[in-house]
**Student:** 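The following block contains the structure, expressed as structure tokens.
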Amino acid sequence: MWLHHYSLEMYHKMQSPHAKLEALHHRLSVSSTSYISPALHGSFHSYQESFQPTEEHVLLVRVLVKHLHAFANSLRPEQSASSTHSHTPSPMEELKRIVIQRFIQPKLYIFLQHCFGHWPLDASFRAVLEMWLSYVQPWRYVPERSASPVGNETQNRAVPEKWASFVQENLLMYTKLFLRYLNRAIRSDLVSPKNALMLFRVAKVFSQPNLPEMIQKGEQLLLEPEPVMPHRQHRLLMSPSLGGSFLSSWQPPITDTSFKIKSHVYSLEGQDFQYTQMFGSETRNLVLRLAQLIIQAKQTAKSLSDQYPDMGSQSLFSWFGLNSPDHNNTYTGNDLDEAGYDSIRKTDEHLEKALEYLCQVFRLNSAQLSHLTVNFGNAQDESLRNQLPDFIQNENGVYLTPLGRQQVINGLRKFDIQYQGDPELQPIRSYENAALVRLLYQLSCVLNERVRSCKPNSLGLA
């Protein structure tokens, strides 16, 4: 009911170049009233564009995932071990064993792919993110974990080895969706506290000890050559029969791990799928790019935090939008005002930890990070230089060239001029009330004169 928007066959058709070109034509036709393609009615885009899940829908799917993980993990170890011996498992035991892989994984994978590709780049993506992280962490929903004390959480971060089979049989849930999130994170504003928190959550989950090694092992098994491919059995796994009882058509478990991983990947993405490694050079370049953006966002957050060192002790005038004077002639209002400037420091912490976790997952060393920091500083200096008007500098100071004068007159470029005089005498800003500023300045001058001319005893001070 919650995951039935289009089938796996329709997903495969929409991955073809023809369907993607058709969807692109549809978007162009929507944005341009002069272009309408008659061949688009009832085509693939209607399946892809009409389904737009809401945030409440995603939250319900997450509840479903958590309950099914708890249901599947309630299978006792002796029941799981007895399935390989002469003991005939009961229908309930068989359902617990196959419910995730057979009935939930394909539909949830398509659902997540759709959400990752169509969800807006805003904070509401947190619901989709948490649903994905709930699915890829089934070890959080085991009975032993609920009975363990909270204090041992840091010691229990390592993923037990028994979950390696789940990670490998759900490899695309970890690798391809991680790549899709990487592309989203690179295009998002990491200075935003909610975006920084989402990045921190993903990096923390994937940095759990043993998890990167399990994913890397699964990729090695997927990419290793296989000389003999049991084609008939592979095709049977790709299109399981859903007729009759859901247990009668279930095949015996396959013992070949490499074959199970390839069956999982090709059944979800098709035989022509070109797999991109999570630990390959292409993904590593994306991670380095993201690390550079994190360093840049940390610098921005730090400058904002330094600019407002004591926002907790604001005066009564801040309630009316009359904050402390700005000596650099810049308006300080932005979207961070709603969240409060304490969240800026929290954002810096989240970005710092996210960078640390990404370094652990992809084995980035301090030399690479320092190289990124130096490159960012040089690029920042170069961009600042490119924003200044053309000038020459000699022993007498700075002189504008004819090109520089033209740039200043036309408003194309300007110098970063900062006021360095008496803060009380700086020019009145365009967003300030000039009459009120002058009145309050005169009042403060009168108070300063009276207090300075009075002796301590005349003020009643001991």
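Being a predicted model, the structure only gives us computed values, none of them experimental.
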**Student:** How long is the span from the NZ atom in K217 to the CD1 atom in I261, to the nearest 0.5 Å?
**Tutor:**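 CD1 of I261 is found 9.0 Å from NZ of K217.
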
**Student:** Can you confirm whether or not the ring centre of W163 sits under 6.0 Å from the ring centre of Y174?
**Tutor:**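 Ring centres of Y174 and W163 not closer than 6.0 Å.
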
**Student:** Whether the side chain of S207 engages the backbone of K204 through a donor-acceptor N/O pair (distance < 3.5 Å, no angle test) should be reported.
**Tutor:**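 Yes; at least one donor-acceptor contact below 3.5 Å.
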
**Student:** More than 12 heavy atoms of other residues, nucleotides or ligands under 6.0 Å from CG of D272: yes or no?
**Tutor:**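 Check fails, neighbour count at 12 or below.
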
**Student:** Hey, is the main chain of D189 close enough, under 3.5 Å, to the side chain of N195 for a donor-acceptor pair?
**Tutor:**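 Looks like yes, one N/O pair under 3.5 Å.
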
**Student:** Establish, yes or no, whether a centroid distance under 6.0 Å links the rings of F111 and H57.
**Tutor:**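 Aromatic pair counts; centres sit under 6.0 Å.
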
**Student:** Between the main-chain N or O of Q277 and the side-chain N or O of T283, is there a donor-acceptor pair closer than 3.5 Å?
**Tutor:**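 Between the backbone of Q277 and the side chain of T283 there is a qualifying donor-acceptor contact (under 3.5 Å).
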
**Student:** Are any side-chain N or O atoms of N285 and backbone N or O atoms of S281, one a donor and one an acceptor, separated by less than 3.5 Å?
**Tutor:**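 Indeed, once roles are kept as given, a pair shorter than 3.5 Å links the two residues.
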
**Student:** Test your reading of the model: is there a side-chain donor-acceptor pair from N210 to the backbone of V159, 3.5 Å cut-off?
**Tutor:**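 Yes: the side chain of N210 pairs with the backbone of V159.
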
**Student:** In the structure I gave you, are the side-chain heavy atoms of S258 and E224 within less than 4.5 Å of one another anywhere?
**Tutor:**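 The answer is yes, as the side chains (C-beta and beyond) meet within the 4.5 Å cut-off.
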
**Student:** Below 6.0 angstrom between ring centroids: does that apply to H67 and Y141?
**Tutor:**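 No, they do not, as the ring centres are separated by 6.0 Å or more.
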
**Student:** Parallel, tilted or perpendicular, judged at 30° and 60°: which one describes the rings of Y275 and F273?
**Tutor:**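 Ring orientation of Y275 relative to F273: perpendicular.
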
**Student:** Looking at E356 and K353, is there a salt bridge between them, counting it only when a charged N and a carboxylate O are closer than 4.0 Å?
**Tutor:**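 Judged by the 4.0 Å cut-off on N to carboxylate O distance, K353 and E356 do form a salt bridge.
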
**Student:** Is the distance between the ring centroids of W132 and F116 under 6.0 Å?
**Tutor:**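 Yes; F116 has its ring centre under 6.0 Å from that of W132.
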
**Student:** Answer yes if the ring centres of F206 and F178 are under 6.0 angstrom apart, and no otherwise.
**Tutor:**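 F206 vs F178: aromatic centres under 6.0 Å.
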
**Student:** Could you tell me the separation between the NZ atom of K66 and the OG atom of S134, rounded to the nearest 0.5 Å?
**Tutor:**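 Going from the NZ atom of K66 to the OG atom of S134 covers 5.5 Å.
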
**Student:** In Å and rounded to the nearest 0.5 Å, what is the CG to CG distance from L293 to L199?
**Tutor:**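 Atom-to-atom, L293:CG and L199:CG are 10.0 Å apart.
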
**Student:** Answer yes if the side chains of N170 and Q105 hold a donor-acceptor pair under 3.5 Å, and no otherwise.
**Tutor:**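 Yes, because at least one side-chain N or O of N170 sits under 3.5 Å from a partner of the opposite role on Q105.
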
**Student:** How would you list, by chain and number, every residue that makes a side chain to side chain donor-acceptor pair (under 3.5 Å) with Q137, sequence neighbours excluded?
**Tutor:**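 Listed in chain order: Q208.
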
**Student:** So how far is it from S192 OG to D122 CG, rounded to the nearest 0.5 Å?
**Tutor:**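 It comes to 9.5 Å.
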
**Student:** Nearest 0.5 Å please: distance from the CG atom of L129 over to the SG atom of C115.
**Tutor:**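 Interatomic distance, L129 CG to C115 SG, rounded to 0.5 Å: 11.5 Å.
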
**Student:** Tell me, please, which residues at least two apart from E352 pass side chain to side chain donor-acceptor pair (under 3.5 Å).
**Tutor:**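 Checked E352 against side chain to side chain donor-acceptor pair (under 3.5 Å); matches are K298.
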
**Student:** Does the H118 side chain pair with the main chain of Q52, one donor and one acceptor, at a distance under 3.5 Å?
**Tutor:**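 No, the answer is negative, given that no donor and acceptor are paired below the 3.5 Å cut-off.
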
**Student:** Quick check: does any side chain N or O of N183 sit under 3.5 Å from a backbone N or O of L179, one acting as donor and the other as acceptor?
**Tutor:**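 Confirmed, N183 side chain pairs with L179 backbone.
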
**Student:** Looking at R413 and Q407, would you say the former's side chain and the latter's main chain have a donor-acceptor pair under 3.5 Å?
**Tutor:**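 Checked: no pair found.
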
**Student:** Donor-acceptor check, side chain of H350 to backbone of F200, threshold 3.5 angstrom: yes or no?
**Tutor:**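 It does not hold such a pair.
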
**Student:** For a 4.5 angstrom cut-off between non-hydrogen side-chain atoms, does M92 reach F71?
**Tutor:**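 They are in contact (side-chain heavy atoms under 4.5 Å apart), so the answer is yes.
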
**Student:** For residues K176 and T276, is any side-chain donor paired with an opposing acceptor at under 3.5 Å?
**Tutor:**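 The criterion, which ignores hydrogens and geometry beyond distance, is not satisfied for T276 and K176.
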
**Student:** Which residues pass the salt bridge (Lys or Arg N to Asp or Glu O under 4.0 Å) test with R126, not counting sequence neighbours?
**Tutor:**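 R126: salt bridge (Lys or Arg N to Asp or Glu O under 4.0 Å) contacts with E130.
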
**Student:** Look only at the side chain of R184 and the backbone of P120, and say whether a donor-acceptor pair between them is shorter than 3.5 Å.
**Tutor:**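 Checked: pair present.
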
